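Everything below concerns the one structure shown next.
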Number of protein chains: 2
Amino acid sequence: MERNTQQRQAILKAFEIAERPLAVQEILDLAQGDCPGLGVATIYRNLKALVGDKKLIVVDMPGGVALYELPGGHHHHHFSCNGCQKVFDVDGCGLNVKNLVPNGFTLKRHEVLLYGFCDSCSR
Amino acid sequence: MERNTQQRQAILKAFEIAERPLAVQEILDLAQGDCPGLGVATIYRNLKALVGDKKLIVVDMPGGVALYELPGGHHHHHFSCNGCQKVFDVDGCGLNVKNLVPNGFTLKRHEVLLYGFCDSCSR
DNA sequence: AGGCCAGTGATAATAGATTATCATTAAGGG
DNA sequence: CCCTTAATGATAATCTATTATCACTGGCCT
């Protein structure tokens, strides 16, 4: 049986409010607003379960920090801000795969990572 | 003073032979062919020094494993093979940055990561 | 309302990557 | 060739992220 706990609700709500990929620490900070006392172990447990249920997807970022986000469905990439360190979704792709993949290689998927400063940090 | 040790030579030679980005463990395996007894600490020490001297550059890959490569100079990206786990350089870019960056955001740099199977692993 | 047990929280344990320590080795100037 | 000392190798230590443990709590079925 799977229970609908306050903790799990708070975690999912954090993603709905943030509207961007979140790291474990960010999820913890946001969800603790709704659910004081929430512990890291619970975050990890629920993340694993939610990813298994396809309610969240993993975004592997360089540097070893895994981010999680709601499955939007459409093809998109990510923008990492050097100022606030937040990661934002970027709609669309802009990648021309033709003539990029070496001869004999088989392309399965791709990631585009943009780095710079977000709206707030650009000023 | 900076000494031209056999260890440092073996490390740089590994990159020249491999002609692709290498992880610490790969560098160790390759360089030990020229320099038996070479230890990990020496790899890390030299990598740090070589990156400081711009003789190597760091490639941060998702998953937290850092790769190193010779500074080729030209703009390129990387292809990660799901079969042999090796990473290869891919010349060119193919990314149309226009209309990709959100309003107000400032783009500083970008990375394109391709995943699939290399020539050998495609067969 | 009562009770079972999945889920939780605090913390210890684990895992993997990188760094520090220190006795020993060897690069290279004189 | 000798001597200074930077660099090395083995290993312990550290650091960070994640998982396991276990007593306790609260969701939810009856």
Side-chain angles (χ1 to χ4, degrees), chain A residues 1-15 18 21-69 78 80 85-87, chain B residues 1-15 18 21-69 78 80 85-87:
Chain A
M1 181 202 328
E2 188 171 281
R3 293 178 183 177
N4 187 26
T5 63
Q6 294 187 336
Q7 288 83 353
R8 171 168 302 204
Q9 287 173 35
I11 291 170
L12 284 172
K13 188 177 165 194
F15 286 98
L22 297 176
V24 170
Q25 192 55 54
E26 291 178 304
I27 301 165
L28 186 61
D29 294 341
L30 286 170
Q32 280 183 336
D34 282 323
C35 191
L38 181 62
V40 267
T42 299
I43 300 286
Y44 280 106
R45 268 188 301 249
N46 277 289
L47 287 177
K48 185 178 285 191
L50 289 165
V51 169
D53 289 352
K54 315 274 199 205
K55 300 229 180 69
L56 284 179
I57 56 176
V58 184
V59 184
D60 262 324
M61 292 292 288
V65 189
L67 302 183
Y68 297 82
E69 69 180 339
H78 299 100
S80 176
Q85 308 299 326
K86 291 175 185 165
V87 173
Chain B
M1 180 201 330
E2 188 171 283
R3 292 176 183 180
N4 187 27
T5 63
Q6 293 187 336
Q7 288 82 353
R8 170 167 304 203
Q9 286 173 35
I11 291 169
L12 285 171
K13 188 178 165 194
F15 286 97
L22 297 176
V24 170
Q25 193 55 54
E26 292 179 303
I27 301 165
L28 185 62
D29 294 342
L30 286 171
Q32 280 184 336
D34 282 325
C35 192
L38 180 63
V40 269
T42 300
I43 300 285
Y44 280 106
R45 268 188 301 249
N46 277 288
L47 286 177
K48 187 179 283 191
L50 289 165
V51 168
D53 289 353
K54 314 273 200 212
K55 301 228 179 69
L56 283 180
I57 56 176
V58 184
V59 184
D60 263 322
M61 292 293 287
V65 189
L67 303 183
Y68 298 81
E69 70 180 340
H78 299 99
S80 175
Q85 309 299 325
K86 291 176 185 165
V87 174

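Note that this is a predicted model, so its numbers are computed, not measured. Each chain gets a letter, A, B and so on, in the order its sequence line appears, and its residues count up from 1.
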Item to check | Any N/O donor-acceptor pair, Arg3(B) side-chain to dA7(D) base, under 3.5 Å | outcome: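 Not at all, since no donor on one side and acceptor on the other fall under 3.5 Å apart.
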To the nearest angstrom, how far is [X] atom [atom1] from [N] atom [atom2]?
{"X": "Gln6(A)", "N": "dT8(C)", "atom1": "CD", "atom2": "P", "value": "10 Å"}
{"X": "Gln7(B)", "N": "dT8(D)", "atom1": "CD", "atom2": "P", "value": "5 Å"}
{"X": "Arg8(B)", "N": "dA7(D)", "atom1": "CZ", "atom2": "P", "value": "7 Å"}
{"X": "Glu2(B)", "N": "dA26(C)", "atom1": "CD", "atom2": "C1'", "value": "16 Å"}
{"X": "Met61(B)", "N": "dA17(C)", "atom1": "CE", "atom2": "P", "value": "15 Å"}

Measure the [atom1]-[atom2] distance between [X] and [Y] for me, rounded to the nearest 0.5 Å.
{"X": "Leu47(A)", "Y": "Thr42(A)", "atom1": "CG", "atom2": "OG1", "answer": "10.5 Å"}
{"X": "Cys35(B)", "Y": "Gln7(B)", "atom1": "SG", "atom2": "CD", "answer": "4.0 Å"}
{"X": "Asn46(B)", "Y": "Arg8(B)", "atom1": "CG", "atom2": "CZ", "answer": "4.5 Å"}

Next on the checklist: If the helix axis at each end comes from five base pairs, how far does the helix from dA1(C)-dT30(D) to dG30(C)-dC1(D) deviate from straight, to 10°?
Outcome noted: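 One end's axis against the other's: 40°.
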Show which side-chain atoms of residues 22-29 of chain B pair as donor or acceptor with protein atoms under 3.5 Å away, not counting sequence neighbours.
| residue | atom | partner | partner atom | Å |
| --- | --- | --- | --- | --- |
| Gln25(B) | NE2 | Asp29(B) | OD1 | 3.3 |
| Glu26(B) | OE1 | Ala23(B) | N | 2.9 |
| Glu26(B) | OE2 | Arg20(B) | NH1 | 3.3 |
| Glu26(B) | OE2 | Arg20(B) | NH2 | 3.0 |

Item to check | Gln32(A) versus Leu38(A), closest heavy-atom pair with distance | outcome: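 Looking at all heavy atoms of both residues, the shortest contact is NE2-O, 2.8 Å.
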Item to check | Nearest heavy-atom neighbours spanning Ala66(A) and Val58(A) | outcome: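 Distance-wise, the nearest heavy atoms are CB-CG1, 4.3 Å.
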Checklist entry - Is the number of heavy atoms from other residues, nucleotides or ligands within 6.0 Å of CD (Gln9(B)) greater than 12? => result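 For Gln9(B), atom CD is crowded (more than 12 foreign heavy atoms under 6.0 Å).
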Next on the checklist: For Asp34(A), give me all partners under salt bridge (charged side-chain N to carboxylate O under 4.0 Å, His left out), at least two apart in sequence or on another chain.
Outcome noted: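 Only Lys13(A) meet the salt bridge (charged side-chain N to carboxylate O under 4.0 Å, His left out) criterion with Asp34(A).
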Checklist entry - Excluding sequence neighbours, so at least two apart, what forms salt bridge (charged side-chain N to carboxylate O under 4.0 Å, His left out) with Lys86(A)? => result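 So Lys86(A) forms no salt bridge (charged side-chain N to carboxylate O under 4.0 Å, His left out) with any residue.
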Next on the checklist: Between Val59(A) and Tyr68(A), is the side chain to side chain contact (heavy atoms under 4.5 Å, CB included) condition met? List the steps.
Outcome noted: CA-CA 6 Å; Val59(A) 184; Tyr68(A) 297 82; over 6 Å; no
Checklist entry - Taking only residues at least two apart or on different chains, which pairs with a member in residues 41-59 of chain B satisfy salt bridge (charged side-chain N to carboxylate O under 4.0 Å, His left out)? => result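 For residues 41-59 of chain B: Asp53(B)-Lys55(B).
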Checklist entry - In terms of the nearest nucleotide of DNA chain C, which residue is placed more toward the 5' end: Val24(B) or Thr5(B)? => result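 Whichever sits nearer the 5' end wins; that is Val24(B).
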Checklist entry - Of the residues in residues 25-43 of chain B, which ones touch DNA chain D at a heavy-atom distance under 4.0 Å? => result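 Going residue by residue through residues 25-43 of chain B, the ones with a heavy atom under 4.0 Å of DNA chain D turn out to be Gly37(B), Leu38(B), Gly39(B), Ala41(B), Thr42(B).
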Next on the checklist: Please pick, from dT18(D), dG7(C), dA26(C), the nucleotide with the shortest atom-to-atom distance to any side-chain atom of Ala66(A).
Outcome noted: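 Looking only at side-chain atoms, Ala66(A) lies closest to dT18(D).
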Item to check | Sorted by number, the residues of residues 44-51 of chain A with heavy-atom contact under 4.0 Å to DNA chain C | outcome: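 When residues 44-51 of chain A is checked for heavy atoms under 4.0 Å from DNA chain C, the hits, listed by number, are Arg45(A), Asn46(A).
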